[in-house]
Amino acid sequence: MSETRYTDQHEWVRVDGDEATVGITKYAAEQLGDVVFVEVPETGRNLGKGGEAAVVESVKAASEVYAPVDGDVTAGNPALADDPAKVNADPEGEGWFFKLKIADKSQLEKLMTAAQYAEFVKGL
Amino acid sequence: MTDTNQTLLRTPLNALHAELGAKLVPFAGYEMPVQYPAGVLKEHLHTRASAGLFDVSHMGQAFLAGDDLGRALESVTPADVVGLKEGMQRYGLLLNDQGTIKDDFMFSRLVGERDLYLVVNAGTKDGDFAYIAEKLRGKATLTPKPDRALLALQGPKAGEVLERHSPGIDQITFMKVVRATIAGAPAIVSRSGYTGEDGFEISLEGRDAERVARVLLNEPEVLPIGLGARDSLRLEAGLCLYGHDIDETTDPVEADLVWSIGRRRKEQKDFPAAEKIMAEIGNGTRRKRVGIRPDGRAPAREGTEVADKTGRIIGRITSGGFGPSANAPVAMGYVETAFAADGTEINLMVRGKALPARVAPMPFAPHRYKRAAKPTQSGATA
């Protein structure tokens with residue numbers, strides 16, 4: 001059973017056991033526009049909640065992707081180096097950024113559910 | 001940003017932009033389209049493949065009237081104004097008394113007309129017009145035309161598209177300017193632009209602008225293009241953006257814009273800070289504007305520091321991003337002159353890391369202007 005949670009920085013977190021897959025939401029991808037470069041974190045890097053984890057750049061601007069929870073990176077998406085447009089084509093699927101081993105699952109409870117995030121985006 | 005929108009100026013095409021689904025942002029005091037639903041990447045590539053329509057009505061248009069007008073304008077620019085033939089447009093730098101760059105602008109002499117027609121940048125237009133009026137007081141009268149709109153139709157299909165609505169217009173070549181009728185509306189049309197492509201800039205009465213824009217957008221080759229793609233197109237073309245690549249801290253020699261100084265002007269040394277600028281042409285400058293290509297895929301943005309291979313800071317990027325036609329990151333910036341040769345290996349300090357890059361020739365996408373067939377003078381381009 002996997003569950004997806006959302007941050008107010010427009011990251012999504014898909015939780016599967018102790019592992020989380022992280023990416024940016026469809027809303028974020030649309031706001032950024034055409035993604036031309038992505039830098040994902042190296043495997044083994046320790047990330048702190050709210051810290052810079054990845055970089056995503058569109059034609060015009062660069063943005064950071066933040067770690068939604070504490071944890072150690074278990075994988076960066078290798079496909080994004082050659083095909084960063086996957087972030088626009090399938091932001092919440094093939095356009096994932098990285099996976100991490102969650103250090104403290106209680107941090108997930110503070111993140112938004114899909115319904116809460118949908119409300120949050122509506123208010124922007 | 002929405003809070004300030006009430007105070008923003010709007011061009012005559014504002015309602016059309018909204019109707020087309022543009023993302024509108026504040027720019028130089030105007031509410032302007034940064035992109036349309038197609039997005040910056042597609043808009044950029046479409047312009048190079050077919051034709052794109054840009055609203056650049058925020059730019060400053062004016063007429064300059066007076067006796068011995070060429071000499072009068074030459075007091076604030078090193079361009080050759082006196083020698084500009086009828087029916088021609090030219091690029092010039094507006095210099096302050098110190099010889100640094102107050103703005104860059106286009107000036108035209110229309111066939112059979114005494115006045116000069118000027119187009120200056122949007123963000124600087126009020127200051128430019130005040131400066132020109134003051135410097136030319138008693139010699140010339142400047143009349144701004146805030147009621148006029150300006151459209152740019154750019155790309156390899158621009159000529160055939162515009163020909164359908166203004167028979168004969170496709171005959172004019174690069175940097176020529178004419179009065180013409182576009183879809184029944186009186187216009188000033190020049191064969192020039194800011195993309196490196198063939199194309200036109202079309203000055204219209206504000207009241208005609210939306211109708212003419214709709215006529216052009218109705219052509220199958222044409223898409224509306226926002227300021228986002230305008231910026232990536234001009235960067236690939238190696239063209240300066242005022243306030244970024246050139247400003248009042250840079251002079252024409254550092255900026256590698258000496259080609260815009262008329263030959264007679266160099267001989268007569270009669271432009272602002274001419275002695276200093278001519279000495280720099282002879283002796284060189286401490287720094288120079290160059291093209292830069294990162295070796296990897298990461299773009300280096302404006303403000304990125306440039307270092308030599310030992311880590312010493314030798315310059316700064318003034319425009320940088322991803323070039324959709326180059327399919328690679330591209331940039332321009334200033335480096336110490338010892339590092340300005342094409343191929344020089346440098347590092348770009350991006351997010352605390354030194355990314356390898358090289359000084360590279362510009363443009364990053366070849367210019368495809370429709371030049372007159374006869375052999376021309378220098379290699380100067382605008």
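What you see is a predicted model, and the numbers here were worked out from it, not measured in a lab. Proteins get letters first, then strands, A, B, ... in listed order; numbering begins at 1 in each.
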Problem - For the student: nearest non-hydrogen atoms of A/Val59 and B/Ser232, plus distance - result: CG1-CB, 4.1 Å
Exercise for the section: Heavy atoms only: give me the nearest A/Glu57-B/Pro299 pair and the separation to one decimal. Expected result: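 The pair with the smallest heavy-atom distance is OE1-CG, 3.2 Å.
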Exercise for the section: Let me know if B/Arg297 has heavy atoms under 4.5 Å from chain A in its side chain, its backbone, both or neither. Expected result: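 B/Arg297 touches chain A through backbone and side-chain heavy atoms alike.
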Fill in the blank from the handout: Applying a strict 4.5 Å limit to non-hydrogen atoms, the region of B/Asp231 in contact with chain A is side chain
Practice task
Apply salt bridge (charged side-chain N to carboxylate O under 4.0 Å, His left out) to A/Glu11 and list each qualifying residue two or more places apart in sequence or on a separate chain.
Solution key: none
Problem - Residue among A/Val36, A/Val35, A/Asp34 satisfying side-chain contact (heavy atoms from CB on, under 4.5 Å) with B/Phe322 - result: A/Val36
Fill in the blank from the handout: If you tally heavy-atom pairs under 4.5 Å between each of B/Asn327, B/Val34, B/Val40 and chain A, the highest tally belongs to B/Val40
Handout entry: Proximity breakdown for A/Val38 and chain B, heavy-atom pairs closer than 4.5 Å
Key =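 For A/Val38, there is no contact with chain B at all, as no heavy atom is under 4.5 Å.
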Problem - A/Glu52 versus chain B, the contacting section by heavy-atom distance below 4.5 Å - result: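 No part of A/Glu52 comes within 4.5 Å of chain B.
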Above 12 or not: heavy atoms from other molecules or residues under 6.0 Å from [atom1] of [X]?
X        : atom1 : value
B/Lys23  : NZ    : yes
B/Lys309 : NZ    : yes
A/Lys49  : NZ    : yes

Handout entry: chain A-proximal positions within residues 342-353 of chain B [heavy-atom distance under 4.5 Å]
Key = B/Arg351, B/Lys353
